[in-house]
Peer 1: 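Dropping a structure here in structure tokens format, bear with me for questions.
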Amino acid sequence: MKTLAISFLLLISFLNTQAQELAGRKIIQGSVGINVNSGKIATNNTYNASLLYGKIRANNTYLAWGGSFTGSTQEYNDITNQTFQAGPAVEFGKFIPLVERFYLAPNFGGTAQAAFGDSKGVYIGAYATPLRFMYNFSNHFMLTASLGYAGVSFSRIAETTQFSLSGSLTNNTGFGVFYTFK
């Protein structure tokens, strides 16, 4: 029993030591997306980008601030509508060490955007990714893979009000790269 307790304490101390390697590092996280939907009668193209900057604290949490942009072009029967959305974005995450250099890293965040262009209004959205895994494969880069997603959004653009609530554990798998530096 004494050996088991000592082994458990050594394992815990190893995980805490390993987790400290991220503390104090700054992060830059970004995303880019393009969705093209074109047909004979209607076209709907959407593109978006976001950029966040933060710092990993001693308890392996981070708070990242930045901005997000979304643009869309809709065409139906030779009538074109272009709308652009821009605003601040925030994300909170935590790195939970599983084994050496491999982390469970759940996160949640959101954005508030003003819409302008041919249509004006407001968009507010929030998301959570409970099963995001990260592998710290170098001093600066972490490979990410996520499985599952939950999101909620509300928009009032022109005369259209939209509310969306979504969640998935199997259909929303993503891969990406996380950049860190001192």
Peer 1: To the nearest 0.5 Å, how far apart are CG in Asn37 and OG in Ser72?
Peer 2: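 It comes to 12.5 Å.
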
Peer 1: Output all residues satisfying ring-ring contact (aromatic ring centres under 6.0 Å, His included) with Tyr76, sequence neighbours left out; order by chain, then residue number.
Peer 2: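 Checked Tyr76 against ring-ring contact (aromatic ring centres under 6.0 Å, His included); zero matches.
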
Peer 1: Could you pull out the closest heavy-atom pair between Pro97 and Tyr103, with the gap in Å?
Peer 2: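 Here Pro97 and Tyr103 meet closest at CA-CD2, 3.5 Å.
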
Peer 1: Which residues pass the side-chain hydrogen bond (donor to acceptor under 3.5 Å, both in side chains) test with Ser68, not counting sequence neighbours?
Peer 2: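 Scan of Ser68 (side-chain hydrogen bond (donor to acceptor under 3.5 Å, both in side chains), adjacent residues dropped) gives Thr111, Gln113.
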
Peer 1: So do Ser166 and Tyr149 actually touch side chain to side chain, heavy atoms under 4.5 Å?
Peer 2: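 Yes. Closest side-chain heavy atoms under 4.5 Å.
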
Peer 1: Linking I/L/V/M/F/W/Y whenever any side-chain heavy atoms sit under 4.5 Å apart, do Ile124 and Val152 land together?
Peer 2: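 No, no single cluster joins them.
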
Peer 1: Please list, chain by chain and in numerical order, all residues satisfying side-chain contact (heavy atoms from CB on, under 4.5 Å) with Thr180, sequence neighbours excluded.
Peer 2: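 Checked Thr180 against side-chain contact (heavy atoms from CB on, under 4.5 Å); matches are Arg25, Ile27, Met142, Phe178.
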
Peer 1: Taking all non-hydrogen atoms of both residues into account, name the closest pair between Ser38 and Thr43 and its distance.
Peer 2: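 Shortest heavy-atom contact: OG-OG1, 3.6 Å.
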
Peer 1: Return the set of residues passing side-chain hydrogen bond (donor to acceptor under 3.5 Å, both in side chains) with Ser119 (not counting sequence neighbours), or none when no residue passes.
Peer 2: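 Applying side-chain hydrogen bond (donor to acceptor under 3.5 Å, both in side chains) to Ser119 gives Asn81.
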
Peer 1: Holding to ring-ring contact (aromatic ring centres under 6.0 Å, His included), I want the full list of residues that pass it with Phe108, two or more places apart in sequence or in another chain.
Peer 2: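 So Phe108 forms a ring-ring contact (aromatic ring centres under 6.0 Å, His included) with Phe92.
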
Peer 1: What are the two closest heavy atoms between Arg101 and Ser138, and how far apart are they?
Peer 2: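 Distance-wise, the nearest heavy atoms are NH2-N, 3.5 Å.
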
Peer 1: Would you kindly confirm whether Tyr135 and Val99 end up in one hydrophobic cluster when ILVMFWY residues are joined by side chain heavy atoms under 4.5 Å apart?
Peer 2: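 In one cluster: yes.
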
Peer 1: Other than Ile34, which residues form its hydrophobic cluster under the rule that side-chain heavy atoms must be closer than 4.5 Å?
Peer 2: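 Members other than Ile34 - counting any ILVMFWY side chain reachable under 4.5 Å - are Val36, Tyr47, Phe69, Phe84, Phe116.
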
Peer 1: Please step through side-chain contact (heavy atoms from CB on, under 4.5 Å) for the pair Phe133 and Ser146, ending with a clear verdict.
Peer 2: CA-CA 6 Å; Phe133 298 95; Ser146 59; over 6 Å; no

Peer 1: My understanding is that only residues two or more places apart in sequence, or in another chain, count here; which of them pass side-chain hydrogen bond (donor to acceptor under 3.5 Å, both in side chains) with Asn136?
Peer 2: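 Partners of Asn136 under the side-chain hydrogen bond (donor to acceptor under 3.5 Å, both in side chains) test: Glu21.
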
Peer 1: Do you know which two heavy atoms are closest between Leu104 and Pro130, and how far apart they sit?
Peer 2: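 Closest approach of Leu104 to Pro130, heavy atoms only: CD1-O, 4.0 Å.
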
Peer 1: When rounded to the nearest 0.5 angstrom, what is the spacing between NZ in Lys94 and CD1 in Ile96?
Peer 2: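 These two atoms lie 6.0 Å from each other.
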
Peer 1: Test Val90 against Leu63 for side-chain contact (heavy atoms from CB on, under 4.5 Å), laying out the working first.
Peer 2: CA-CA 7 Å; Val90 64; Leu63 184 62; 3.7 Å; yes

Peer 1: Looking at residues at least two apart in the chain, or sitting in another chain, which of them share a side-chain contact (heavy atoms from CB on, under 4.5 Å) with Asn107?
Peer 2: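 Expected list: Tyr62, Glu91, Tyr127, Thr129, Arg132.
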
Peer 1: Hey, what do you get for CG (Leu22) to CE (Met134), rounding to the nearest 0.5 Å?
Peer 2: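 Between Leu22 CG and Met134 CE, I get 9.5 Å after rounding to 0.5 Å.
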
Peer 1: Going by ring-ring contact (aromatic ring centres under 6.0 Å, His included), name the residues that satisfy it together with Phe181, two or more places apart in sequence or in a different chain.
Peer 2: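 For Phe181, the residues satisfying ring-ring contact (aromatic ring centres under 6.0 Å, His included) (neighbours in sequence not counted) are Tyr179.
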
Peer 1: Is there a donor-acceptor contact under 3.5 Å from the side chain of Asn48 to the main chain of Gly33?
Peer 2: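 Indeed, once roles are kept as given, a pair shorter than 3.5 Å links the two residues.
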
Peer 1: Can you list the residues that meet the side-chain hydrogen bond (donor to acceptor under 3.5 Å, both in side chains) rule with Thr83, with sequence neighbours excluded?
Peer 2: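 Here no residue qualifies.
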
Peer 1: Would you check if the side chain of Asp118 reaches a backbone N or O of Gln82 as a donor-acceptor pair within less than 3.5 Å?
Peer 2: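 Side chain of Asp118 to backbone of Gln82: a pair is present.
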
Peer 1: Side-chain atoms of residues 49-58: list all donor-acceptor pairs with protein atoms under 3.5 Å, sequence neighbours left out, distances to 0.1 Å.
Peer 2:
residue	atom	partner	partner atom	Å
Ser50	OG	Ser31	OG	2.8

Peer 1: For the atom pair OG1 (Thr73) and CD (Glu75), what is the distance rounded to the nearest 0.5 Å?
Peer 2: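 Here the interatomic distance stands at 9.0 Å.
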
Peer 1: Check side-chain contact (heavy atoms from CB on, under 4.5 Å) between Thr161 and all other residues, then give those that pass, not counting sequence neighbours.
Peer 2: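 With sequence neighbours excluded, Thr161 shows a side-chain contact (heavy atoms from CB on, under 4.5 Å) to Phe154, Arg156, given in chain and number order.
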
